[in-house]
Every structure is written in structure tokens, then in C-alpha cells.
Asks: 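What follows is a structure written as C-alpha cells; I'll ask about it next.
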Amino acid sequence: MRKVLINLARMGWVRAALIVGGMTVAGVAVATAQGPAAPSGVQKVRFGGDRTETRVVIDLDRAAAGKLLSDGSADQRLVLALPNVTISGDLQGSGQGLVKHWLIDEAAGGARLRLELAGKVEVRRRFLLPPGDGATAYRYVIDLKAVDGAAAPPAFQAAPRLTLASAPIKAAPLRLKKVIVIDAGHGGKDSGALGASAFEKDVTLAAAKALKTRLEKTGRYQVVLTRETDTFVPLEGRVQIARRADADLFISLHADSGPDTATRGASVYTVSEKGAERVGLVLDKNDWLMKANLPGRDRAVSQILLDLSQRATKNRSAAFAQLLLANVGEETALLRRSHRDAGFFVLLAPDVPAVLLEMGFITNPEDEAFLTNKASRARLVDAVGDSIEAYFSADVRKS
């Protein structure tokens, strides 16, 4: 982001502001299925791909955490619940690729999607995309892949594979790995909250290491941990690690606590307006964002660039927070007000999208058992990993 804004500054701040406000990326090419759109909740269902790989996209007017009730392995009928999502009458239509027909109806206080499959499939992944790049709706995405024995396209058909829509005019350069900084909260002399049998600092470090392993297996990420052992790292040091690494995303992992042991649930924090005003705490006099030595520029231009950087960073942080809650909410309970804002020091970097994930209440017996169990903690880590994958997909706006 810093490199982008420096180049924009050289073009002139007015022009830079227009460009930053109009960033776009390629999206996934999909075909719209037949069927009326509901006035609220579910808007429409779209498909892309063929009978080898098919993408299902449900357009929604709000964020939703889907729950897979049946993967279709038994009867070739996939069923997905969308709790708290409304529809106006049943929606249905013909499918595409691996889906023969689809139907959305009301069930158990929400919407239910039923897909009649054309063969044996596996659900490769599911994730939620927030509005962006001209799309005004949230998009719940289901990626399907044919397994052995599933019907393949006839040899004479030239069915398009599911791909990202792009038309480069010249050979694209090799994409560099995204840099993810994972901050295991507390450490060393700072033990954090205490549960019945576990310290917060130990839970966060175990989760951070597991997430690092999960991301590095894909080969798409360079992962940096703010600490790899039980050591104390000052808050300002954690932020500077992310900025020096030119991080694309910063995730601080924590476990909440409270006086009432019945309180449980995960939540996500992004920086508040008041917190954004404290950004100077993480900048020094030599920081490029505070310099006014660009040719023909003055301090006012530097402030404008800082404001642009902060605004873009806050938007990206909020977009990732929505994805994170949707995926984490499928594995563990969420607080009623699960997306919160605060002026936490680790969220103050003006040029690094950042969230603080409270993975649950370590003072709650159920949450503590979930976070200290390797298998259940792995499911939570996978949900975070899926959120990162979705965030960096071509559908999400970013610089």
C-alpha cells in the first residue's frame, strides 16, 4: 500500500484520490440462473463453470453464516441452511455444470438452499464475500468439484472451466506471495487472561503456530509471527513488525475474559475513529507518511495521503472482519455484537489492514475447552485460513 500511495503522490494528490477511490479487480465470470429475485435477504442465485468444477453464488443483502446440512454424498442433494436470512416465497431455477436444479425455501427461521446434483461432488470450500468493486450485495460462494464416477462433459463440448475473468495485454509477472503477520497476543511476563487451567498467552501462541502452518501449506503466503516462543513483545514492536514486513494483513489473536463465566463467544475488533486519530503513535518523524519532502508538495499533501491510506485500510479491515465472522461463526459461538471497534494499539497501523480476533472467552468452560483442544482449535484455525483465502480472492477489492 505504501508503494502504491508513493506513486500516486507523484502523480498529484487530486488525481491520486480519484484513483484510490476507484480501484477495481477482475471478478469471477458466472452465469445468472433463472428465477425471480427476492426483495430482501436472498436476491438471486448464480452459477459458473462446467461439470468438472462449478461455482454457486448466492447474492444476499446482508452477511450470513451458512451451515452445510448435507453435502450430497448420500443422495446427490446438497442442503445449505442460511440462518436469519429472509426470502419472499420459494425461489428456484435450472442449474449449471454439476447442479441440475436449485431451490431456496424457508426453514427454521431462515432460508434453505437445496441443490439437485448431476453426479458425485465434493464441496471444496465455502466463503462469504462482502460488497465491493461495483457489487452491492454480499455473496455466499460454494465451490463444487466432481469426484471419481461423476459425469464429465461430452468430448465434443468445449465447456469453459471455472476461471477468473482476466484479459492481460501482455504476460503477467509472477505474483508475489501475500505477507500475513500473525500476532499471538501477550507472552512472557504478560500472561493475559487466565482460565480454569490455561493462560491466554499459551492459547494464542498455539493458534498462531497452527495458522502459520495452515497458510504456508498453500504456498501462497509468507507468514511472519510477532513471537514464536513465550516471550514478551511490546505493543509498538508488534505494529512495527507488520509495517517493516510490508504486510498485506495483520491478525492479532486473543482469548477474551469476563467476570461472568457464562459469557462466551468470539468477536472481531477493527480500529475505531478515535483510535485512527492516534495513528501518530506508530509513526516516527522519518516515516514516509509524515514526510513533506516530495517534489512540489507540502505538509498538507502528506496529511491527505495519510488520510487516504487510513480510509482504504479501514475499509479493507472491515471487509476482512465480515469474512472472518461468517467463517468463524460456523465453528464456534459468536458474541451478540460480534463486530466491534476499538483503539487497540495493534490496530493503529495506517497502511496495514488489521483485525483483533477474540477467539472466545477463556473464562468460560466451553470456550476454554474448545480453545485448548487441538482438534477443535484446528477447526477454528481452518475457518480463519478460509477467510484469508476468500479475502485475497480476485472478488475482494484491494490495492
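The structure displayed is predicted, hence computed values, not measured ones. One is the number of the first residue; the rest follow in order along the sequence. Computation of the quantities below employed the complete heavy-atom set of this structure, encompassing side-chain atoms and omitting hydrogens, waters and symmetry-equivalent molecules.
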Asks: Under 4.0 Å between a Lys/Arg side-chain N and an Asp/Glu carboxylate O for D59 and R139?
Replies: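 The answer is no: the pair does not qualify as a salt bridge.
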
Asks: Measuring from L357:CG to S252:OG, what's the distance to the nearest 0.5 Å?
Replies: 9.0 Å

Asks: Do D367 and T332 come within less than 4.5 Å of each other through their side chains, counting heavy atoms only?
Replies: yes

Asks: Not counting sequence neighbours, which residues clear side chain to side chain donor-acceptor pair (under 3.5 Å) with R238? List them please.
Replies: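 Partners of R238 under the side chain to side chain donor-acceptor pair (under 3.5 Å) test: D183.
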
Asks: Compare all side-chain heavy atoms of V57 with those of F47 and state whether any distance is below 4.5 angstrom.
Replies: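 Contact flag for V57/F47 side chains = no.
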
Asks: Between L215 and F392, is there a shared hydrophobic cluster once you connect ILVMFWY residues whose side-chain heavy atoms come closer than 4.5 Å?
Replies: yes

Asks: Measuring only between side-chain heavy atoms, which start at C-beta, is D341 closer than 4.5 Å to Y269?
Replies: no

Asks: Mind checking whether W102 and V123 sit in one hydrophobic cluster, side chains of I, L, V, M, F, W, Y counted as touching below 4.5 Å?
Replies: yes

Asks: For E389 and Y221, run side chain to side chain donor-acceptor pair (under 3.5 Å): C-alpha distance rounded to whole Å, both residues' side-chain angles, the deciding distance at 0.1 Å, then the answer.
Replies: CA-CA 10 Å; E389 295 278 4; Y221 303 101; 3.3 Å; yes

Asks: Nearest 0.5 angstrom please: D256 CG to L335 CG, how far?
Replies: 6.5 Å

Asks: Is there side-chain contact between L325 and H339, with at least one heavy-atom pair below 4.5 Å?
Replies: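 Result yes, sub-4.5 Å side-chain heavy-atom pair found.
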
Asks: H254 vs H186 aromatic rings, parallel, tilted or perpendicular, using cut-offs 30° and 60°?
Replies: perpendicular

Asks: Look up atom CG in L68 and atom CD1 in I142, then write down how far apart they are to the nearest 0.5 Å.
Replies: 7.5 Å

Asks: With the 4.5 Å side-chain cut-off for hydrophobic clustering, are V99 and L103 part of the same group?
Replies: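 Result: no, two separate clusters.
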
Asks: If we ignore hydrogens and angles and just use 3.5 Å, is the side chain of T213 paired with the main-chain N or O of K209 as donor and acceptor?
Replies: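 Yes, the answer is positive, given that a donor and an acceptor are paired below the 3.5 Å cut-off.
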
Asks: Do L129 and Y138 come within less than 4.5 Å of each other through their side chains, counting heavy atoms only?
Replies: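 Sidechains of Y138 and L129: no contact.
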
Asks: For the atom pair CG (L225) and CD1 (I241), what is the distance rounded to the nearest 0.5 Å?
Replies: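 It is 9.5 Å, given to the nearest 0.5 Å.
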
Asks: Measure the shortest side-chain to side-chain distance between V179 and D246 over non-hydrogen atoms and say whether it is less than 4.5 angstrom.
Replies: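 No, too far: nothing below the 4.5 Å cut-off.
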
Asks: Salt bridge or not between R126 and E330? Use side-chain N to carboxylate O under 4.0 Å.
Replies: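 Looking at E330 together with R126, the answer is yes, because their closest N to O distance falls below 4.0 Å.
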
Asks: Out of curiosity, D202 CG to I362 CD1, how far, rounded to the nearest 0.5 Å?
Replies: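 Going from the CG atom of D202 to the CD1 atom of I362 covers 8.0 Å.
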
Asks: Going through the distances and angles, do N327 and S387 end up as a side chain to side chain donor-acceptor pair (under 3.5 Å)?
Replies: CA-CA 6 Å; N327 286 298; S387 303; 3.0 Å; yes

Asks: Strictly distance-based, threshold 3.5 Å: is any side-chain N or O of E368 a donor or acceptor partner for the main-chain N or O of S197?
Replies: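 Checked: pair present.
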
Asks: Could you tell me whether a side-chain N or O of T204 sits under 3.5 Å from a main-chain N or O of G185, the two making a donor and an acceptor?
Replies: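 It does hold such a pair.
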
Asks: Tell me whether E53 is salt-bridged to R124, with the criterion being a basic N under 4.0 Å from an acidic carboxylate O.
Replies: yes

Asks: May I ask you to test the V56-V141 pair for a side-chain heavy-atom distance under 4.5 Å?
Replies: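 V56 vs V141: side chains apart.
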
Asks: Using a 3.5 Å distance criterion without hydrogens, assess whether the side chain of S317 forms a donor-acceptor pair with backbone atoms of A354.
Replies: yes

Asks: Out of R379, M359, R377, which one pairs with F370 under the side chain to side chain contact (heavy atoms under 4.5 Å, CB included) rule?
Replies: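 Going through R379, M359, R377 one by one, the side chain to side chain contact (heavy atoms under 4.5 Å, CB included) with F370 is satisfied by R379 alone.
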
Asks: Using the rule given for salt bridge (charged side-chain N to carboxylate O under 4.0 Å, His left out), can you reason through R264 versus E366, listing the C-alpha separation, both sets of side-chain angles and the distance that settles it, and then say yes or no?
Replies: CA-CA 8 Å; R264 64 174 307 211; E366 291 178 85; 3.3 Å; yes

Asks: Mind checking whether L113 and V42 have side chains closer than 4.5 Å, heavy atoms only?
Replies: no

Asks: Please check if the side chain of T363 supplies one atom and the backbone of G258 the other of a donor-acceptor pair under 3.5 Å.
Replies: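 Side chain of T363 to backbone of G258: a pair is present.
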
Asks: Do L253 and F361 share a hydrophobic cluster (ILVMFWY, side-chain heavy atoms under 4.5 Å, transitive)?
Replies: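 As far as the 4.5 Å side-chain criterion goes, F361 and L253 are not connected within one cluster.
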
Asks: Taking a hydrophobic cluster as the set of Ile, Leu, Val, Met, Phe, Trp and Tyr residues connected by side-chain heavy atoms closer than 4.5 Å, whether directly or through intermediates, do V328 and L80 fall within one such cluster?
Replies: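 Yes, V328 and L80 fall within the same hydrophobic cluster.
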
Asks: Quick one: does S257's side chain have a donor or acceptor within less than 3.5 Å of a partner on A193's backbone?
Replies: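 Here the side-chain-to-backbone pair does not exist.
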
Asks: Say you draw a straight line from CZ of R112 to CD1 of I87; how long is it, rounded to the nearest 0.5 Å?
Replies: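 That separation rounds to 9.5 Å.
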
Asks: Does this structure show an ion pair linking K201 with D190, if we count only N-O contacts that are shorter than 4.0 Å?
Replies: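 Looking at D190 together with K201, the answer is no, because their closest N to O distance does not fall below 4.0 Å.
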
Asks: Check side chain to side chain donor-acceptor pair (under 3.5 Å) between R214 and all other residues, then give those that pass, not counting sequence neighbours.
Replies: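 Testing R214 for side chain to side chain donor-acceptor pair (under 3.5 Å), a comparison that skips the adjacent residues, returns D382, D386.
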
